[in-house]
Amino acid sequence: MNFLALTLAVGTGLLASQATAAENRCGWVQNPTPGNYWLDDRDGSWTILTQGSDLEPDGIDNMPDFSAGQFVQTNGYYGYACACMSVETDKAEMRITEIRSVKQLPLSKCKNDRTLPNPEG
């Protein structure tokens, strides 16, 4: 009986740690061309999606239509916006592996953040 209780406790602990693995990352979400997305935040440039790659983060459907909010067009319908994202990452590869949620912010939020690089475009 004690083994069963220990197994349940360990399993519950693992699930809880997985549930809290998301990070909040804020910065410039860039979409310069079709199928190419990345997030530039204070820690660097995080690949979200690359055209022609088989790697796609879970939750990619959580990406909003950034052009519906404050958005800078740099290439036709493509460009950049400011956002905070709840994500899981592969830090070694600087890749976003899961997108849980995205909140678009006013451009001024990122423009006034001195820890962020200037967006491309």
Side-chain angles (χ1 to χ4, degrees):
M1 192 68 160
N2 287 337
F3 178 74
L4 178 60
L6 178 61
T7 301
L8 287 173
V10 169
T12 303
L14 288 174
L15 288 175
S17 69
Q18 288 175 350
T20 60
E23 307 169 38
N24 194 41
R25 296 203 161 271
C26 301
W28 297 110
V29 176
Q30 303 207 47
N31 174 216
T33 55
N36 293 300
Y37 282 90
W38 64 85
L39 172 70
D40 288 336
D41 72 3
R42 67 176 185 238
D43 295 327
S45 187
W46 299 88
T47 301
I48 299 171
L49 193 63
T50 305
Q51 186 176 35
S53 173
D54 291 335
L55 296 175
E56 181 176 293
D58 291 338
I60 190 69
D61 294 340
N62 291 328
M63 293 286 279
D65 175 6
F66 288 108
S67 66
Q70 289 190 17
F71 180 76
V72 177
Q73 289 183 313
T74 59
N75 180 23
Y77 296 106
Y78 304 97
Y80 60 87
C82 182
C84 282
M85 304 175 70
S86 175
V87 298
E88 289 188 27
T89 63
D90 176 340
K91 290 183 175 145
E93 296 290 325
M94 294 293 287
R95 176 172 294 283
I96 291 175
T97 58
E98 181 179 345
I99 301 168
R100 294 191 177 177
S101 65
V102 180
K103 180 178 180 184
Q104 190 168 354
L105 304 172
L107 293 171
S108 60
K109 183 77 173 169
C110 287
K111 284 182 182 176
N112 294 330
D113 186 339
R114 294 183 180 184
T115 67
L116 297 178
N118 289 328
E120 292 183 11

Legend entry - Side chain to side chain, Asn31 and Phe66, heavy atoms closer than 4.5 Å: no
Legend entry - Side chain Gln70, main chain Ala81, donor-acceptor under 3.5 Å: no
Let me check something: any side-chain donor-acceptor pairs from residues 42-51 under 3.5 Å, sequence neighbours excluded? List them with distances.
| from | atom 1 | to | atom 2 | distance (Å) |
| --- | --- | --- | --- | --- |
| Asp43 | OD2 | Arg25 | NH1 | 2.8 |
| Asp43 | OD2 | Arg25 | NH2 | 3.4 |
| Ser45 | OG | Asp40 | OD1 | 2.7 |
| Trp46 | NE1 | Asp41 | OD1 | 3.0 |
| Trp46 | NE1 | Asp41 | OD2 | 3.3 |

Legend entry - Student check: side-chain heavy atoms of Thr97 and Asp58 closer than 4.5 Å: no
Inset, instruction - Locate the shortest heavy-atom distance separating Thr33 from Asn75; write the atom from each residue and the value. - result: CG2-ND2, 3.6 Å
Inset, instruction - Grab the two heavy atoms, one from Cys110 and one from Ala83, that are nearest each other, plus how far apart they are. - result: SG-N, 4.3 Å
Legend entry - Heavy-atom closest contact (Met63 atom, Met85 atom, distance): SD-CE, 3.7 Å
Legend entry - Side chain Trp28, main chain Pro117, donor-acceptor under 3.5 Å: yes
Inset, instruction - Taking Thr89 for its side chain and Arg95 for its backbone only, find out whether a donor-acceptor pair lies under 3.5 Å. - result: no
Inset, instruction - Look at the SG atom of Cys26 and the SG atom of Cys82, then say if they are under 2.5 Å from each other. - result: no
Inset, instruction - Using a strict 4.0 Å threshold on nitrogen-to-oxygen distance, state whether Arg100 and Glu23 make a salt bridge. - result: no
Inset, instruction - Would you indicate whether the side-chain heavy atoms of Tyr80 and Val29 approach each other to under 4.5 Å? - result: no
Inset, instruction - Give the minimum heavy-atom separation between Phe71 and Tyr78, together with the two atoms involved. - result: CZ-C, 3.7 Å
Inset, instruction - Please check if Leu55 and Val87 belong to a single hydrophobic cluster, counting links between Ile, Leu, Val, Met, Phe, Trp and Tyr side chain heavy atoms closer than 4.5 Å. - result: no
Legend entry - Side-chain heavy atoms of Pro32 within contact of Trp38, under 4.5 Å: yes
Inset, instruction - Please report the shortest heavy-atom distance between Leu105 and Cys84, naming the atom on each side. - result: CD1-SG, 3.6 Å
Inset, instruction - Check whether any side-chain heavy atom of Asn62 lies under 4.5 Å from a side-chain heavy atom of Ser101, and answer yes or no. - result: no
